[in-house]
Amino acid sequence: MKQKAITSVTLILAGNVLTTYNNIGSGWTSTITAIIGFIIYFAGIGQLKPVLDEPGQNGLRLLKISAILGITSLLLHLIPFLGAMIGGLLYLAAFVTQLFGLVQFKKTTAIGTIGAAGVNYLLMAMVLMIFGSIIGLMPFAGETIKAVFSFIAFILILWGWLKIQEGVVEAATSAPQT
């Protein structure tokens with residue numbers, strides 16, 4: 001059980017890192033990298049589900065929906081003009097769904113207080129990405145500042161999922177064996 005939890009969070013972490021790269025890089029290669037990241041993320045969520053209680057599973061369900069929306073939006077982004085506009089709206093929907101999923105996921109007891117602190121890091125990363133996206137609209141230095149915000153968010157995502165992994169391992173270790 002403990003090993004499965006470690007593996008699942010590692011997959012989620014790797015997938016989330018690859019999807020965040022899309023905010024730092026540009027072009028079709030970063031889009032393909034993000035799609036691969038969403039697929040890895042999706043696989044990790046599926047493996048983590050059995051380890052969690054009901055609030056955690058509800059949060060993961062929303063995170064899974066956000067991954068599906070994210071993949072779909074990125075695929076649409078590969079279509080010129082209209083695809084980028086519709087894909088952008090879907091990506092926003094994925095972002096909001098992920099936000100609600102993380103808030104729900106934080107309620108699980110299966111990640112302990114350490115994991116809950118990790119979710120806080122993920123939420124901070126999302127706030128930074130929102131600010132970065134808004135600042136990225138500014139002419140001249142906007143894209144550079146957005147990249148800095150995205151890089152900081154990238155670090156927070158790493159730290160957050162590592163804390164969640166630590167919390168899952170601690171909860172699995174301290175749980176009575178059946």
Side-chain angles (χ1 to χ4, degrees), residues 4-49 59-102 104-105 118-119 121-165 168:
K4 185 172 184 129
I6 292 170
T7 303
S8 62
V9 175
T10 302
L11 287 171
I12 293 169
L13 171 62
N16 212 315
V17 165
L18 290 174
T19 60
T20 305
Y21 177 73
N22 194 43
N23 293 328
I24 299 170
S26 62
W28 67 270
T29 55
S30 66
T31 301
I32 298 297
T33 302
I35 290 169
I36 292 167
F38 272 121
I39 293 167
I40 295 169
Y41 179 81
F42 193 82
I45 288 172
Q47 287 187 15
L48 184 60
K49 188 177 179 181
L60 284 186
R61 184 178 43 67
L62 290 172
L63 293 178
K64 194 180 250 189
I65 292 169
S66 78
I68 292 167
L69 290 171
I71 290 169
T72 305
S73 72
L74 288 171
L75 288 170
L76 287 171
H77 266 270
L78 295 172
I79 302 169
F81 307 115
L82 188 60
M85 185 172 58
I86 295 170
L89 291 174
L90 269 180
Y91 206 75
L92 179 62
F95 191 85
V96 171
T97 305
Q98 182 180 21
L99 182 64
F100 285 119
L102 287 172
Q104 185 68 30
F105 181 65
V119 174
Y121 285 119
L122 297 176
L123 292 170
M124 284 189 279
M126 292 186 78
V127 169
L128 278 176
M129 287 191 284
I130 290 169
F131 283 132
S133 294
I134 292 168
I135 290 172
L137 299 173
M138 293 178 4
F140 306 114
E143 281 297 316
T144 303
I145 296 170
K146 175 187 172 189
V148 171
F149 274 68
S150 294
F151 182 73
I152 294 168
F154 177 81
I155 299 300
L156 287 172
I157 289 168
L158 282 172
W159 188 252
W161 281 109
L162 287 173
K163 286 291 184 189
I164 291 168
Q165 185 176 52
V168 168

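The analysis underlying the following values was restricted to heavy atoms, covering all of them including side chains, and did not include hydrogens, waters or symmetry mates.
Note that CD1 of Ile68 and OG of Ser73 are 12.0 Å apart. Values are rounded to the nearest 0.5 Å. Between atom CG of residue Leu48 and atom CG of residue Leu63 there is a gap of 9.5 Å, rounded to the nearest 0.5 Å. Here CG of Asn16 is found 11.0 Å from CD1 of Ile40. Values are rounded to the nearest 0.5 Å. Within the model, atoms NZ of Lys64 and CG of Leu69 stand 13.5 Å from one another, a figure rounded to the nearest 0.5 Å. The CG atom of Leu92 sits 9.5 Å away from atom OG of Ser133, with the distance rounded to the nearest 0.5 Å. Distance check, rounded to the nearest 0.5 Å: CD of Glu143 to CG of Leu137 gives 8.0 Å.
Heavy-atom minimum distance, Ile71 versus Ile39: CD1-CG1, 4.0 Å. Between Met138 and Ile145, the shortest heavy-atom distance links the atoms CE-CD1, 4.5 Å. Scanning all heavy atoms of the two residues, the minimum distance from Gly70 to Ala94 falls at N-CB, 3.7 Å. Taking each heavy atom of Phe42 and Ala67 in turn, the nearest pair found is CD1-CB, 4.0 Å. The minimum heavy-atom distance between Ser8 and Gln47, with the atom names listed, is CB-CB, 3.5 Å. Counting all heavy atoms, side chain and backbone alike, Leu123 lies closest to Leu102 at CD2-CB, 3.9 Å.
Within the 4.5 Å cutoff, side-chain heavy atoms of Leu78 are placed close to those of Ile32. Using a 4.5 Å cut-off on side-chain heavy atoms (C-beta onward), Phe100 and Ile65 make no contact. No side-chain heavy atom of Phe105 sits under 4.5 Å from any side-chain heavy atom of Leu122. The side-chain heavy atoms of Leu62 and Gln98, taken from C-beta on, include no pair separated by under 4.5 Å.
Ring orientation note: the planes of Phe154 and Phe151 are close to parallel, at an angle under 30° on the 30°/60° scale.
The side-chain contact (heavy atoms from CB on, under 4.5 Å) check on Met124 picks up Tyr121, Leu156, with sequence neighbours excluded. By the side-chain contact (heavy atoms from CB on, under 4.5 Å) test, Ile79 pairs with Leu76, sequence neighbours left out. Residues satisfying the side-chain contact (heavy atoms from CB on, under 4.5 Å) criterion with Phe95, sequence neighbours excluded, are Met126, Met129, Ile130. Under the side-chain contact (heavy atoms from CB on, under 4.5 Å) criterion, Thr10 pairs with Ile6, Gln165, sequence neighbours left out.
Checking each of Thr19, Thr33, Ile35 against Leu74 for a side-chain contact (heavy atoms from CB on, under 4.5 Å) leaves exactly one that passes, namely Ile35.
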